[in-house]
Amino acid sequence: MACLLFGCTKEFLDRKPIDFLAPDNFETENDIREAVNGIYRAYVSDKNEPIYTDFIVDNGYFPDYRDMWNRTYNNETSYIINKWSRDYKVILRANTVLAYIDKVKLTESTYKQYKGEATFLRALSYADLSFFFGGVPMRLKPEGLEDANKALSSKAEIVELVLKDLEEAAALLPVSYAASEKGRATKGAALAIKARVLLYNKRYEEAAAYCVKVKALNYYKIMPDYKTMFLPEGEAGNLEAIFDMQYQTNALPQGLSNSWYDRFYLFSGYQVAHDLYEQYYSTNGLSITNPANKLYNPAVRTSDLVSPSTYVLNGGYDNRFQNRDPRMHFSIVVPYTIDSYNATTKAPGVFYPTDKKAANLTSFRVRKYVDYTNYNVSGISGVNPIIIRYADVLLMEAEALVEKGGYDEAYVYSLINQVRQRTSVMMPKVETAEGLGLSQQALRNVIRHERRVEFAFEGLRIFDIMRWENGPDVYKDLKGFNPAKLTRFASTGIVYEINTALQRTPFDATKGYLWPIPKTETDANKLIK
Amino acid sequence: MRKLLFIIFISLISINTFAQLRTITGKVVDEQNKPLPGVVVKAGKANAGAVTNLQGNYTLSVADTTKTLTFSFLSYMQQTVSINGKSVINVTLKESITELEEVVAIGYGTQTKANLTGAVSSVSVKEVEGRALTSADQILQGKLSGVTIVQNSGRPGDDNSEIRIRGVSSIDNNNDPLVIINGVQGNINDVNPNDIESMSVLKDAASAAIYGSRASAGVIIIETKKGFTGKGLQVEYNVTGSMVDATRLPETVDSYTYASLLNEARVNVALAPIYNQTQLDLFKSGADPNYPNTNWYDVYYQKAYMQNHYVSLRGGEKNYKFSNSVGYKDQEGILVGTSSKRLSFNSSLSGSFVKNKVRVNLGLVGYNEKGKELISPTSTVLAEISGSLPTAFIQSIDTLTGNANLYSYPGRFLGAMDLGGGIENKQNSLNSRASVEIEPIKGLIGKVLLSNNKLKTDYVNFTPRFYTSGTYEETSINLRESSLEKRNSESNLNTFLASLEYTLKKGKHEAKFLAAHERLEMIYNYDMGSVKNLSSNQPIFNYGDPTSPFLSSAANETATASLFGRFNYSYAGKYLLELNMRRDGSSRFADGRKWGNFPSISAGWRISEEGFFKGIKKDVYLKLRGSWGKLGNQNIFTQYAFADQMSGSEYYAFGNAIVPGRGTIILANKDTRWETTEQFDAGFDMILWNRLSITADYFNKKTYDILARVTIPPSLGVTVLPYQNIGDMVNKGIEMSIGYNSPVNNKKINYGFTVNASYITNKLTSLGGLPYVDHSATNRSVVGEPFSSFYGYKVDGIYQVSDFTWQNGSDPSIPHASRTYTLKAGMPNVSGVMSNPAPGDIKISDVKSDGVINADDKTLIGNPIPKLQYSLSANVSYKNFGLNVIAQGTGRTDAYMNGNLIGPFFNTTGPLLTSTVTDRWTIDNPSDKYQRIYVDKGRDALITSYNIYNAAYFRLKSLQLSYTFNSAFTRKFDVSRCRVFVSGENLFLISGFPKGFDPERRSTNVTAAFHPQVATYSIGLNLNF
């Protein structure tokens, strides 16, 4: 009663959080484990990543990204702020785990795993920041309002931190997990990302060496089926993906489904550039713009355009779309091919560029990641965007060797051929298509071309452009088949007219490739000028 | 001694027996013609007399010599009537006009009006009878100065108002006043308006300081009706039937006009027209279902009906009093598919023991409400309606499957409703309280109060499976999966109060002491669950896809502990002084920041009591008042400002199985402390000739340490900005209230009126060194300017043809449509914000005069906080008729509205207002006020003063005409009083606000999609037994 009346005020006012646990109160393995899971969540918190960057370079276009595509962005452009925020969100959560993990009693293997995962994810984010922004503030522990001001570290310092963290993570992490833990960071992921950071920083010899270390794990392989590698159905046995984002079909309330299906199918705004369409060679390994390519037939057949049942996925009725690199039909939707299925009858629907819903500027849409089994339900896609896969390791090694110079030609060819000759692709070997004894420049071009068609819409193109510094060549106007001229009915004839759909601001070399540090940062962080 | 008195008494009687006697009878009623029992009627200067019975009747024998009768009754004005040989004298007693003796509820007690030293306004709730009010706050609207009340919307269950007392004082946190119901913190929505006995508003810091850390936005004190003694058992029944309609609805164009103008708008920005003449003709003829003409406002809005019943039973005897009432409201919404049913009750019981030295009070106030909405929250539906095109169909049939559950996107809410879907919201509120008072010696009162306010909510959203498609004949249709979501929450507010009060009177000195300890504890729990893909159209989780369940919970607690005291002193009723002190501790803050002290002082001088004043004028009452005090605000964003807040819903999926995750989303700020408001108030109360009363106040309210969300570097890793105590703000104002009541005369027209007005200015004085803080895309607070002003480009009219050059040296023979317009040299370059400007476009002002229009030219373009507010209420009665009127208005207020509807073809697709069409700029109608129509997302995104509207208005809030039957007639049916009335709410509006939109709206609402206010037309009946 005395307590009820006047005493115990201190206890009465001492209320601890109920529906969340502040990090100071971490006690159990579970607390750390969930904090580690939370880092991965932060990594997927921007659902544009990493695919959207292909729509700000030469592979495509999307109206909302226009300022990025045109490079008329500034330090207030939302996509720039989003990337910065996403990466630092990951860093804060990783730092929280690293700061509190020693306070919790863990077995040695779990301790190593959690510490390795946090270290890996922090490195991944600092690497991303260094690619896009150069030098950035380096925060190595969870910091609060009192630490708001932090000067920039140089890009070299950030890269050193990333390489050190990845080396440590590779030592701590296991090569693989049980199926129920698939998606966690592995030793291979740390080594492969390290190879990528080294390559992007032009440290070719080390880059090639780390590619070899990944291969030496003897765990990864080129998957035979290109198509299913990007769909939920291919996730389980995918030994090519080294690190990927984990989404789940139909997990909307948990925020774990993405919208790539909706964006590419239900909306019409995501458009593929004619330039990318052109990059897909004929199955003889020759470009369609190469006059020597006798397999490519630009004449249009109109007589077969009768009913949807005659359309096949590979655009069979149209000569232009036949005998092309199979990756074209796996990656993009060309006119008059099947691009939908009715929600109730499952009857196939056909992509008519003239239709209102499908109206885009180029008459090409994206097929990679489109899981037609979603049957027109929005926002439930479980597609896992891949961050790094084995084909990339092979092509990185090839690139590193060629850039370093003094390479074994046959060995480099064999690396590229492994990618070209996966069962479902089977494009001719480099020696068959291009011949032997290629110059360093010619071989460099072969590798660059291979990366473009192999990794379309995987968010890698922007890094390639940034390190090859070929902006003036690749930032071009958006071209496509004029949809207004592609009529729905054969009787009126089909006209393919390439038009300039959108004009791009000329490439400004003085602006460089790096993005500006967001204004929200420079406004509040007094130590950045 | 006793014997002696007895003898004197007997002898007096015997003297009278010998005088000539006559009998006078009569009836005493109040102004509402209600009989007044218990009125003392005395003859001449006699000590004894008669008392009126329950029907208000009296019989008195008086001596011939007696010339007058005096009627007196507590809180009514004493009346003396000449007999003049009459034998029947009926009297209407009027309540004390000065109301000086009226007791006003103040914090933790009561005070007579005469002795108040702070700025306290109270509302007479008499006019509530017969108004079709749906929530208690509507009583305050139009009745007080310095109090802004904006009705939220006309949606059933969401008609609570936004109440601001003397402006806004917090930036991102709570600006709602504290509401005290029967001594316990509550929600204004907890009470049935019919149950309210009195409402007072504590406006100045000294009056509110006793509530310390909860009172910085002012306090509203509500007392509900209690039982009484001496009037027997009284039963009251009120019934009202109402028809409800939107005050204003936007008028949109038909599909033919829409389609033709879309072509025009596209051509204006060099895009190809969409519709050809054949298609336009089809829209006009309406023969083809592929070319529909849908008015979505007709589809989704309706006239609605409402009924309200109220029964009460009150009474008491010497040692106990009771009051019970039940109200029932059945309200249909003007938006199809929305409704609210509410059963409310109020019960109070009090008893006294041990010669009235121990008093026990028990009370229950509660309600049970069931609201219905369409499958999406009403705000979503409204946004959809305001963006839906007349060219969209409502329902179609899937040509491939014959499935009829195929709806257009805007028609989907109707579709889901037809299939049994919707939101059902239940609320159960129960406030229970018990208190014991002990008065061991006269003047010393000890009191203990315990209470629990419980609110349970229960939300069910069932969405059936159906299909949508974009066009009437669409082959590829979208499946909308069925889903079921349930949410439950419970909040408990526990209060414990112990107080000791002592009153001391000695000669001309009167002093009162109060000391108290209070504890408040708020405990909140919330659970939700959902499933998808139900196998049966029933709101049962078991029917859902077993892989789809999702669960989530939230819970938090806060506590406040306080010690406080008050000292009142008055000398000869002339000099008044009050001191308050409150010390509050809050669990929300870190150790070291938990406690805050909130003192206040106020004083009054009844100057009219001074000898020198009485010499000047007899019928004058004048009191000067002054006060200063400090208040706090702890009602901030988080329950745990001292801890890094981790979200527990950071799920991730490994191996296609979802696992829980955590991550910091809000950084701790251990420095977070109380927001503090200091307020100075000076005022006077004057009453002249017992008829005219004037109250005026000046106040200066300064808030500092305001918690605001200011930018932190995103490199800290959180995107939700933490609050920091950095802002200072000042509200200054004057408020005035003038009232007049005519002398009572049963034969003539009686009338009274009150006019209120207030003028408040707001200024943000500091942001801890920052020049400004942004609240949204449209609102920015700049130091030195009013809080949260609109920020964007200023527009100087419309570009005209004369501002441009075109081909061939501006050859006038080239038709308008073929010209390529270029702005003349010397005109500011606007290309950075608007591509290809042409005649008819808005002309953006080059504020910085540097020849280029860019982000630097953005400036403050409007102040959404009204400075001037006024209201008028009047009542007129003649014989049995009564008329009550309430009107209110605001002066210049800037409202920003953009988005669908108000912006033509907003985001390239919005519908069109009829007014936009009539006034638009064309080459033949070169308007300088209205722009041309266009299709351009970039232009739609510009925030400019073109979209600022003056939301000043004057509105007839309430009008009521009543007739009370003569009681002589009604008593034949055992009815003591019978009154019928017709009334209307929101009947009439004067405003320059755009047609179709109601200017009474929250300033934060910057789109045209909001629930319309409603006009209510009612008839009703009041019966008393």
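Just so it is clear: chains get the letters A, B, ... in the order the sequence lines come, proteins before strands, and each one is counted from 1.
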Is the shortest side-chain N to carboxylate O distance from [X] to [Y] below 4.0 Å?
X	Y	value
A:D46	A:K83	no
A:E181	A:R33	yes
B:E650	A:R93	yes
A:K519	A:E521	no

Is the NZ or CZ atom of [X] both under 6.0 Å from the centre of the six-membered ring of [Y] and within 45° of that ring's axis?
X	Y	answer
A:R184	B:F654	yes
A:R86	A:Y43	yes
B:R412	B:Y409	yes
A:R15	B:Y640	no

Pairs of heavy atoms under 4.5 Å with chain B: top-ranked of [options]:
options	result
A:L145, A:N525, A:N384, A:I528	A:L145
A:D147, A:N149, A:N37, A:D24	A:N37
A:V36, A:T96, A:I18	A:I18
A:P17, A:A35, A:P142, A:P137	A:P17
A:I91, A:T249, A:V44	A:V44
A:V90, A:L21, A:D14, A:N25	A:L21

Given that the side chain runs from C-beta out, which part of [X] has a heavy atom under 4.5 Å from chain B: side chain, backbone, both or neither?
X	result
A:K16	backbone
A:A179	backbone
A:E235	side chain
A:S180	backbone
A:N82	neither

Counting only non-hydrogen atoms closer than 4.5 Å, does [X] touch chain A with its backbone (N, CA, C, O), its side chain (CB onward), both, or neither?
X	answer
B:T719	side chain
B:D545	neither
B:T547	neither
B:L520	backbone
B:S552	neither
B:A657	backbone
B:F589	neither

Do B:V718 and A:K89 have side-chain heavy atoms sitting under 4.5 Å apart?
no
Rounded to the nearest 0.5 Å, what's the gap from OG on A:S257 to CD1 on A:I380? Could you check?
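Going from OG on A:S257 over to CD1 on A:I380, the span is 6.5 Å.
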How many angstroms lie between CZ in B:F550 and OG in B:S483, if you round to the nearest 0.5 Å?
13.5 Å
In terms of heavy-atom pairs under 4.5 Å, which option from [options] contacts chain A the most?
options	answer
B:G661, B:P660, B:S530	B:P660
B:I712, B:D644, B:I665, B:L716	B:L716
B:L667, B:N556, B:T664	B:T664
B:A554, B:S647, B:G648	B:A554
B:E481, B:E485, B:Q639	B:E481
B:G655, B:S587, B:P713, B:A653	B:P713

Does the salt bridge (charged side-chain N to carboxylate O under 4.0 Å, His left out) test come out yes or no for B:D584 and B:K594, once each step is laid out?
CA-CA 8 Å; B:D584 274 359; B:K594 276 193 160 61; over 6 Å; no
Taking atom types as modelled, find out whether B:N669 and B:Q724 have a side-chain donor-acceptor pair closer than 3.5 angstrom.
no
Do A:D244 and A:Q246 pass the side chain to side chain donor-acceptor pair (under 3.5 Å) test, and can you show the C-alpha distance, the side-chain angles, and the key distance before you say yes or no?
CA-CA 6 Å; A:D244 54 353; A:Q246 302 295 310; 2.7 Å; yes
